[in-house]
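Data block below; observations after.
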Amino acid sequence: MRGIYLQGNEAVKPIFEEMLDPYEYLDVNNLTIQNTNFTDHDVFDYYKILGFQIIQDGLNYSTVTHHTNMDALEYVPERDMMINATVIAALVYQIGELNSRLPRED
């Protein structure tokens, strides 16, 4: 995890910035307004249901493992799994504790 594709939803940017701020030293707080396509979240996007895609480390994933025999759990670095699980769990918890829903796209 290197950050989050905001799927064109500019209104969530300050929320995610605040939530990811404590993890800045892990370099997981990159945010882009871009929409990543051709992933499992596309159907959510189509129906205007919030669904965000994680920015993956392109150096490792796109050039070496994606859709190869190395695209398996046993090849994922343990430290990456620990960081990703911790940060994503913290995000889910913080979103769940918000007093209001995350802003929707216009």
Side-chain angles (χ1 to χ4, degrees):
M1 175 178 177
R2 295 295 174 245
I4 302 173
Y5 288 99
L6 299 176
Q7 302 305 118
N9 187 346
E10 188 78 46
V12 297
K13 185 175 183 180
I15 297 167
F16 280 126
E17 284 175 335
E18 184 177 335
M19 289 179 179
L20 289 171
D21 187 56
Y23 307 103
E24 183 177 3
Y25 71 100
L26 295 172
D27 192 28
V28 296
N29 62 336
N30 299 286
L31 300 173
T32 179
I33 197 67
Q34 289 180 309
N35 180 359
T36 183
N37 294 314
F38 311 112
T39 63
D40 296 340
H41 81 286
D42 277 347
V43 71
F44 290 95
D45 229 24
Y46 179 81
Y47 287 105
K48 303 294 183 198
I49 299 169
L50 292 182
F52 300 99
Q53 177 71 5
I54 300 298
I55 299 172
Q56 298 175 359
D57 185 343
L59 182 62
N60 290 331
Y61 186 69
S62 298
T63 60
V64 178
T65 58
H66 188 65
H67 293 302
T68 71
N69 61 341
M70 292 181 65
D71 198 355
L73 183 61
E74 64 195 69
Y75 294 109
V76 178
E78 185 176 350
R79 183 175 188 278
D80 287 357
M81 283 193 291
M82 291 172 25
I83 290 170
N84 295 351
T86 301
V87 173
I88 292 170
L91 285 173
V92 169
Y93 176 78
Q94 289 175 81
I95 291 168
E97 289 294 306
L98 290 174
N99 289 329
S100 59
R101 297 179 350 165
L102 286 174
R104 288 357 191 209
E105 262 185 280
D106 291 333

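Predicted model only: the values in this text are computed from it and were never measured.
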Nearest-0.5 Å distance that lies between atom CD in Gln53 and atom OG1 in Thr36: 5.5 Å
Are Leu31 and Ile33 linked, directly or through intermediate hydrophobic residues, by side-chain heavy-atom contacts shorter than 4.5 Å (ILVMFWY only)? yes
Atom CD of Gln94 and atom CD1 of Ile15: how far apart are they, to the nearest 0.5 Å? 11.0 Å
Check the pair Leu91, Leu20 against side chain to side chain contact (heavy atoms under 4.5 Å, CB included), reporting the backbone distance first and the verdict last. CA-CA 8 Å; Leu91 285 173; Leu20 289 171; 4.0 Å; yes
Nearest non-hydrogen partners of Ile4 and Phe16, listed with the distance: CD1-CD2, 3.8 Å
Interatomic distance, Glu17 atom CD to Asn29 atom CG [nearest 0.5 angstrom]: 9.0 Å
Hydrophobic clusters join Ile, Leu, Val, Met, Phe, Trp and Tyr when side-chain heavy atoms are under 4.5 Å apart, directly or via other members; which others share one with Ile55? Tyr5
Does Gly8 offer a backbone N or O that forms a donor-acceptor pair with the side chain of Asn35 under 3.5 Å? no
Hphob cluster co-occupancy, Leu98 + Ile88, side-chain heavy atoms under 4.5 angstrom: yes
Check: Asn9 side chain, Pro103 main-chain N or O, donor-acceptor pair, under 3.5 Å: yes
What is the distance from atom OH of Tyr93 to atom CD1 of Ile95, rounded to the nearest 0.5 Å? 13.0 Å
Can you establish whether the number of heavy atoms outside Phe44 located under 6.0 Å from its atom CZ is more than 12? no
Are Met82 and Tyr23 linked, directly or through intermediate hydrophobic residues, by side-chain heavy-atom contacts shorter than 4.5 Å (ILVMFWY only)? no
Looking at Pro14, is its backbone amide N or carbonyl O close enough to the side chain of Glu18 to form a donor-acceptor pair, meaning the two atoms are under 3.5 Å apart? no
State plainly whether one hydrophobic cluster holds both Leu6 and Ile49, where clusters connect Ile, Leu, Val, Met, Phe, Trp and Tyr through side-chain heavy atoms under 4.5 angstrom apart. no
Any Val12 side-chain heavy atom under 4.5 Å of Gln7 side chain: no
Same cluster (ILVMFWY, side-chain, under 4.5 Å), Ile83 and Met19: yes
Measure the shortest side-chain to side-chain distance between Met1 and Leu26 over non-hydrogen atoms and say whether it is less than 4.5 angstrom. no
